[in-house]
Amino acid sequence: MCFFAFGVFWGILLCAPYQCLECPFDCECFALTRTVKCVSKEILTVPQSIPGYAQAVIITGRNIHQIGPDSFTKMENVTNIILSNNRITDMASHSFSPLIHLRFLDLSENRLALIHPEALRIPGSPLRELNLSRSLHDLPALKDLSAALRWGRLGGLLRLDLSGNHLARLPLGLFSHLPELRQLFLANNSLEAVHSGTFSGMNRLEVVDLTHNALVTFGADALQELERLGNIRILLGCNPYNCSCDIVHFAAWLNESGAQVDLDAVRCASPRELSNTRLRGLNVHAIGCVDPVRTEVADLPLQTSYVFLGLVLGFVGMLFLFVLYLNREGMKKWIIEMRDAFRDVLEGYHYRYEIDSDPRLGHMPAGNGGSGRDLGLAPPHQPTSDTCIVTPPADTQVKELATSPPVSPLGSFHKGRNI
């Protein structure tokens with residue numbers, strides 16, 4: 001009897017961890033920890049006949065390409081399932097609906113390309129943690145995931161891991177249907193910016209991991225989005241920050257924000273003279289920029305002076321116009337007198353111009369200059385060569401002379417005396 005009891009005891013002790021009669025082929029079953037582990041390259045589908053006591057199932061076969069609702073039958077008690085590194089490409093509708101107590105789902109290290117919008121829908125929404133790190137194959141898969149998060153009724157999800165998926169931009173409202181999410185991991189992606197509305201709908205977020213991305217700076221919209229998250233844990237280290245003038249506002253936010261930021265890991269990557277310099281405490285003088293706020297404050301007195309000067313000049317101008325209006329009659333008389341004076345001056349210049357420009361007065365002979373002055377006449381024009389003009393005395397009859405050939409001046413003089 002003692003030998004029989006001893007044999008039964010050893011049989012239970014040896015067979016219980018492996019559940020020899022119920023454990024699937026190529027799997028290890030542990031009744032004490034309620035765990036089933038299936039690791040084999042020959043596994044092509046999710047093993048069936050999983051023991052009913054199992055709560056944690058680990059399946060890594062590297063050749064499971066598709067899963068659906070028929071893949072997890074008779075697994076009502078499973079709470080944790082790990083399907084990492086299986087090269088899964090397709091998730092059909094209601095793939096996990098039989099797992100009504102599922103709380104943890106690990107789909108990391110896969111190649112998800114087709115995700116049905118209701119692939120993650122489970123009755124009662126029991127899922128609390130979802131690991132999709134290094135699992136999305138391309139950009140269309142991200143769009144499918146966005147629809148799956150929206151229609152999956154994951155209102156109770158607390159932790160989401162999307163790290164290592166080469167994400168360059170997050171679709172707007174990607175997390176808006178996860179109101180209870182507490183931890184979001186976006187590390188090791190290619191995110192270049194945080195846009196307005198990226199974290200909308202998540203009012204209970206406690207941790208955001210944005211490390212090891214391609215973030216260069218944070219604009220006004222991005223800082224407003226981070227500020228809206230409140231005093232939570234925000235991991236921003238190990239990004240290639242460009243410490244130029246565009247990063248001034250981000251540096252000011254780091255100095256003033258109450259968020260729990262990994263400040264020691266937030267460092268400049270460029271320019272070279274500021275490489276590996278901590279952003280916190282970096283002022284505008286170190287960056288080489290002028291603080292726009294201080295510049296505006298400094299220019300405020302100068303702007304006030306300009307306004308006051310403009311008012312004074314305007315008042316003086318109005319006073320001047322008023323004085324002109326009161327003296328309009330005197331101003332009119334003065335303007336008329338000035339006009340007449342200018343007219344007289346111009347007429348004098350015009351008269352002199354006409355005299356100087358008369359060709360008949362420009363060639364008067366020197367010998368007749370005295371007689372011209374005695375008569376009060378302007379110097380006559382030089383006579384032509386075939387005409388002789390003699391000025392007779394007052395009591396002498398003027399005899400008309402016929403035209404004659406030109407004679408010398410001396411001969412003309414003697415002929416005049418003889419007459």
Side-chain angles (χ1 to χ4, degrees), residues 8 11-133 135 144-145 148-149 151-161:
V8 171
I12 295 174
L13 184 64
L14 293 175
C15 293
Y18 301 98
Q19 292 292 313
C20 302
L21 298 179
E22 298 183 9
C23 197
F25 180 73
D26 286 337
C27 296
E28 297 177 310
C29 303
F30 305 91
L32 295 178
T33 58
R34 300 178 181 272
T35 303
V36 175
K37 184 177 181 181
C38 305
V39 180
S40 176
K41 294 183 180 180
E42 297 180 359
I43 298 178
L44 301 179
T45 59
V46 176
Q48 300 298 315
S49 66
I50 298 292
Y53 63 81
Q55 293 183 349
V57 177
I58 303 173
I59 303 175
T60 303
R62 299 188 180 182
N63 289 306
I64 301 177
H65 300 291
Q66 184 178 7
I67 55 176
D70 298 334
S71 302
F72 306 100
T73 58
K74 299 180 181 181
M75 294 188 187
E76 295 83 0
N77 296 323
V78 174
T79 59
N80 300 340
I81 185 167
I82 299 175
L83 299 171
S84 62
N85 201 13
N86 279 296
R87 299 182 182 178
I88 299 174
T89 60
D90 187 2
M91 288 199 308
S93 176
H94 296 85
S95 294
F96 306 97
S97 57
L99 307 173
I100 58 176
H101 295 102
L102 184 64
R103 297 178 62 87
F104 176 81
L105 176 60
D106 186 353
L107 291 168
S108 61
E109 301 288 349
N110 284 289
R111 299 178 180 178
L112 296 176
L114 297 175
I115 305 175
H116 193 275
E118 296 184 345
L120 299 174
R121 176 172 289 190
I122 303 173
S125 304
L127 194 61
R128 296 294 178 267
E129 298 183 32
L130 177 60
N131 186 359
L132 292 171
S133 61
S135 62
D144 291 348
L145 175 62
L149 294 178
W151 300 104
R153 296 183 181 179
L154 303 174
L157 192 66
L158 303 177
R159 187 179 189 274
L160 177 60
D161 191 347

Handout entry: Inter- and intrachain pairs under salt bridge (Lys or Arg N to Asp or Glu O under 4.0 Å), touching residues 75-96, at least two apart
Key = none
Exercise for the section: State the CD1-OG1 distance between I82 and T35, to the nearest 0.5 angstrom. Expected result: 9.0 Å
Exercise for the section: Hey, could you give me each pair passing disulfide (SG to SG under 2.5 Å) that has a residue in residues 65-103? Not counting sequence neighbours. Expected result: none
Handout entry: For the student: nearest non-hydrogen atoms of V39 and I43, plus distance
Key = N-CD1, 4.3 Å
Handout entry: CD on E129 to CG on L102, rounded to 0.5 Å
Key = 10.5 Å
Problem - Within residues 107-130 or reaching into it, pairs that qualify as ring pair (Phe, Tyr, Trp, His ring centres under 6.0 Å) - sequence neighbours excluded - result: none
Fill in the blank from the handout: When rounded to the nearest 0.5 Å, the distance separating CD1 of I122 from CZ of F72 is 9.5 Å
Problem - Residue list, salt bridge (charged side-chain N to carboxylate O under 4.0 Å, His left out) with R121, at least two apart or on another chain - result: E118
Exercise for the section: Any pair with a residue in residues 76-114 that passes disulfide (SG to SG under 2.5 Å), sequence neighbours left out, goes on the list, sorted by first then second residue, please. Expected result: none
Practice task
Write down the atom of V36, the atom of P51, and the distance for their closest heavy-atom approach.
Solution key: CG2-CD, 3.8 Å
Fill in the blank from the handout: Of all heavy-atom pairs linking P47 and P24, the shortest is CB-CB, 4.1 Å
Problem - Nearest-0.5 Å distance, CG of residue L130 to CG of residue L145 - result: 7.5 Å
Side-chain polar contacts of residues 151-158 - donor-acceptor pairs under 3.5 angstrom, sequence neighbours left out - could you list them?
none

Practice task
Sort and list the pairs that fulfil disulfide (SG to SG under 2.5 Å) and have at least one residue in residues 32-100, not counting sequence neighbours.
Solution key: C27-C38
Practice task
Just jot down the side chain to side chain contact (heavy atoms under 4.5 Å, CB included) partners of D26, sequence neighbours excluded, or say none.
Solution key: S40, E42
Exercise for the section: Taking D144 for its side chain and L114 for its backbone only, find out whether a donor-acceptor pair lies under 3.5 Å. Expected result: no
Fill in the blank from the handout: side chain to side chain contact (heavy atoms under 4.5 Å, CB included) filter on A113, not counting sequence neighbours, yields H137
Exercise for the section: Among residues two or more places apart or on two chains, list those pairs meeting side-chain hydrogen bond (donor to acceptor under 3.5 Å, both in side chains) that have a residue in residues 94-106. Expected result: D106-S108, D106-N131
Practice task
Take atom CZ of R128 as the centre, draw a 6.0 Å sphere, and report whether it contains more than 12 heavy atoms from other residues, nucleotides or ligands.
Solution key: yes
Fill in the blank from the handout: Output for pair (I67 CD1, I59 CD1), nearest 0.5 Å, gives 9.5 Å
Handout entry: Check: N110 main-chain N/O paired with S135 side-chain donor or acceptor under 3.5 Å
Key = no
Practice task
For residues S71 and T45, determine if any side-chain heavy atom of one lies less than 4.5 Å from a side-chain heavy atom of the other.
Solution key: no
Exercise for the section: Looking only at non-hydrogen atoms, find the nearest pair between A148 and I115 and report the distance. Expected result: CB-CG2, 3.9 Å
Problem - Separation between CG of L112 and CG of L107, rounded to the nearest 0.5 Å - result: 6.0 Å
Exercise for the section: Side-chain contact test, heavy atoms from C-beta onward, threshold under 4.5 Å: evaluate it for F104 versus T79 and give yes or no. Expected result: no
Handout entry: Distance-minimising heavy-atom pair for P123 and P126
Key = O-CD, 3.7 Å
Exercise for the section: State, yes or no, whether a side-chain contact exists between I64 and L83 at a heavy-atom distance under 4.5 Å. Expected result: no
Practice task
Sort and list the pairs that fulfil disulfide (SG to SG under 2.5 Å) and have at least one residue in residues 59-93, not counting sequence neighbours.
Solution key: none
Problem - Partner residues of Q48 under the side chain to side chain contact (heavy atoms under 4.5 Å, CB included) criterion, sequence neighbours left out - result: T73
